[in-house]
Every structure is written in C-alpha cells, then in structure tokens.
There are 2 protein chains.
Amino acid sequence: MSTVGLKLRELREKAGFSLRKAAVAIDIDVAILSKMERGERKFSKELVLKLADLYKTNPDKLVIDFLSEKVLYALEDEEFGLEALKVAEEQLKYKNQNENE
Amino acid sequence: MSTVGLKLRELREKAGFSLRKAAVAIDIDVAILSKMERGERKFSKELVLKLADLYKTNPDKLVIDFLSEKVLYALEDEEFGLEALKVAEEQLKYKNQNENE
DNA sequence: TATAACTTTGACAAAAATAGTCAACACATA
DNA sequence: TATGTGTTGACTATTTTTGTCAAAGTTATA
C-alpha cells in the first residue's frame with residue numbers, strides 16, 4: 001500500500017540502481033532504504049527529493065504521494081477521517097487565499 | 001487559529017468550570033490544559049473526548065476539528081498540501097469502500 | 001557447488017519529539 | 001491580605017523516530 005515506496009522502487013530499478021548504490025548515492029544505510037521502499041519505515045521529504053533527483057524524475061507527484069501518506073498516517077483509522085480531511089481542505093483553501101497577512 | 005482549543009475553552013466557560021477544576025476532573029495538570037486551549041500544546045484525542053464528556057457536549061465535531069488540525073500540522077506549509085489532501089481523500093474513500101478485506 | 005552481488009531482517013543505540021511535573025508569577029476581587 | 005483565576009518557563013520522563021550494524025536470506029552466474 002505504500003505508494004511512494006513502490007514508485008521509488010520502480011524508478012530505481014528502471015534507472016538501473018541497486019539498493020546499495022542508491023543508498024550510497026543519497027548517503028543513507030541500505031537497510032533504511034530497503035525498509036522505506038517496502039513501507040516499513042517512513043520516508044522523509046528530503047530523501048524523496050534526493051531520490052527523485054538521482055533517478056532524474058520530476059519530484060512533484062512523489063512529494064504529493066509522500067504527503068498524502070503522511071496525512072493518512074496521522075488519521076490512522078479514525079471514524080471521522082474523511083470529514084477531517086474536508087475540514088482541513090477548507091481551512092487550507094482559506095489560508096491560501098489570505099496568504100498576505 | 002487553534003480551533004479545538006478555542007472551542008473547548010468556550011465550552012468550559014459556558015459549563016462554568018475553571019481551568020483548574022476542569023484539569024482536575026480529567027486528571028491532568030492545569031498548565032497542560034491552559035497550553036492546550038491556547039494551542040501551545042496539542043490535544044490528544046483522549047483528552048478531547050474527556051472534556052466533551054465533562055462539558056456534556058457531542059464530541060464528534062470536536063474530534064473532527066482535532067483531526068483536521070493534526071492533518072494540517074502534518075502538512076506544515078507544503079506547497080502541494082492541497083493536492084496531497086485530495087490524494088489522501090481518494091485513497092481513504094477507496095479504502096472505506098473495500099473495508100471488507 | 002561456490003562466490004558474488006543483491007535485499008531483508010532484527011537487535012540495538014542515538015537522537016528528537018512529545019508529554020508530564022512543578023513552582024512561581026500576574027491579575028483580579030472579596 | 002487572602003483566595004481564585006490563568007499563564008509561563010524550566011525541568012524531567014517517556015515515547016517515537018531515526019540511524020547503525022551484523023547476520024541471514026535470495027538470486028544469478030561461473
């Protein structure tokens with residue numbers, strides 16, 4: 001279910017990197033990258049960006065997926081998750097409108 | 001901007017509780033409640049429920065606000081926050097549909 | 001088989017974030 | 001004064017997240 005992880009794994013393979021090489025390139029332990037790709041550990045935005053760069057891919061969608069996962073994680077399995085998302089959306093829209101304060 | 005905090009403060013005042021009394025009733029330190037109401041510290045869902053109960057209020061909206069704040073906090077000031085929320089919403093809808101797996 | 005490159009796993013430590021405790025302060029009012 | 005109100009900050013404790021490492025499992029190929 002970890003879409004960023006799966007996507008980044010696919011991208012890595014397409015780009016011809018082994019886990020080790022990729023990990024070295026972005027300066028983290030292989031174990032961590034392995035776990036992140038499989039959704040066992042969370043990515044950081046920083047690493048998502050580094051990997052997108054390494055794989056020469058546009059990072060935007062990846063970042064969006066990354067954030068979306070973060071959000072869903074924050075909601076766990078809350079009964080009112082959907083309602084909460086809608087409220088959050090409204091508040092964010094409102095905030096973005098008045099970004100000049 | 002902390003809407004749960006403000007709402008719970010109003011509810012408390014309407015219900016005629018002093019900070020101290022309310023804090024004692026839900027078994028936390030006054031300082032924490034004071035900070036939570038003012039958004040300086042985050043509520044836990046558990047405390048929101050306890051307070052709703054104490055103030056004899058329906059907890060649902062409060063919980064939704066609580067979760068919404070949690071979500072917005074997770075998004076910080078991300079450029080793609082809104083997009084992320086939409087993706088999260090889709091995934092949540094999808095998940096709720098297939099809750100029989 | 002053997003060996004090499006790959007990925008996964010788990011135990012552990014380090015660091016960071018969150019939560020809780022406490023005493024003191026400021027203000028108002030009886 | 002004395003009592004009740006809310007706020008603040010320094011501190012500790014606890015929990016969560018992150019990083020490190022070695023060993024084990026997997027796969028491909030000579």
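All chains are named by letter (A, B, ...) in the order of the sequence lines, taking the proteins before the strands, and each is independently numbered beginning at 1. Just so it is clear, the model here is predicted, and its values are computed rather than measured.
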Name the atoms and distances for all side-chain donor-acceptor pairs under 3.5 Å in residues 41-51 of chain A, with sequence neighbours left out.
unit_1, atom_1, unit_2, atom_2, d
Ser44(A), OG, Leu47(A), N, 3.2
Lys45(A), NZ, Glu78(B), OE1, 3.2
Lys45(A), NZ, Glu78(B), OE2, 3.2

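Closest contact between the side chain of Ser18(A) and the listed nucleotides dT18(C), dC6(C), dT5(D) involves dC6(C). Side-chain proximity of Lys42(A) to the nucleotides dT18(D), dT8(D), dA19(C) is greatest for dT18(D).
Put simply, CZ on Phe43(A) is 16 Å from C1' on dG19(D), counting in whole angstrom units. Straight-line distance from the NZ atom of Lys70(A) to the C1' atom of dA17(C): 13 Å, rounded to whole Å. For the pair Arg9(A) CZ and dC6(C) C1', the computed distance is 11 Å after rounding to whole Å. Here dA19(C) presents its P atom at 14 Å from NZ of Lys50(B), a figure rounded to the nearest Å. Rounded to an integer number of Å, the gap from CG of Leu19(B) to C1' of dT8(D) is 13 Å. Counting to the nearest Å, the C1' atom of dT8(C) and the CD atom of Glu40(A) are 8 Å from each other. Atom-to-atom, NZ of Lys21(B) to C1' of dG6(D) comes out at 14 Å; the value is rounded to the nearest Å.
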Close N/O contacts between protein and nucleotides 24-30 of chain C (under 3.5 Å):
none

After noting the C-alpha distance and the side-chain angles of Lys95(A) and Asp77(B), does the key distance pass the salt bridge (charged side-chain N to carboxylate O under 4.0 Å, His left out) rule? CA-CA 10 Å; Lys95(A) 193 190 161 204; Asp77(B) 291 308; 2.5 Å; yes
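Around CD of Glu79(B), the count of heavy atoms belonging to other residues, nucleotides or ligands within 6.0 Å does not exceed 12.
Within the structure, every side-chain polar atom (N or O) of Tyr73(A) is placed at least 4.0 Å from both OP1 and OP2 of dT16(D). Taking side-chain N and O atoms only, Arg41(B) has no distance below 4.0 Å to OP1 or OP2 of dA17(C).
No donor-acceptor pair closer than 3.5 Å links the side chain of Lys35(B) to the backbone N or O of Glu40(B). Checking side-chain atoms of Thr57(A) against main-chain N and O of Tyr55(A) turns up a donor-acceptor pair under 3.5 Å. Counting only distance, with no hydrogens or angles, the side chain of Glu69(A) and the backbone of Thr3(A) share a donor-acceptor pair below 3.5 Å.
Rounded to the nearest 0.5 angstrom, Arg12(B) CZ and Arg9(B) CZ are separated by 5.0 Å.
Annotation: side chain of Leu67(B) is not in contact with side chain of Val71(B) (no heavy-atom distance under 4.5 Å). Side-chain atoms of Leu6(A) and Glu37(A), non-hydrogen and from C-beta on, never get closer than 4.5 Å to each other.
Across residues 28-39 of chain A, Ala31(A), Ser34(A), Lys35(A), Arg38(A) each have a non-hydrogen atom less than 4.0 Å from an atom of DNA chain C (numbered order).
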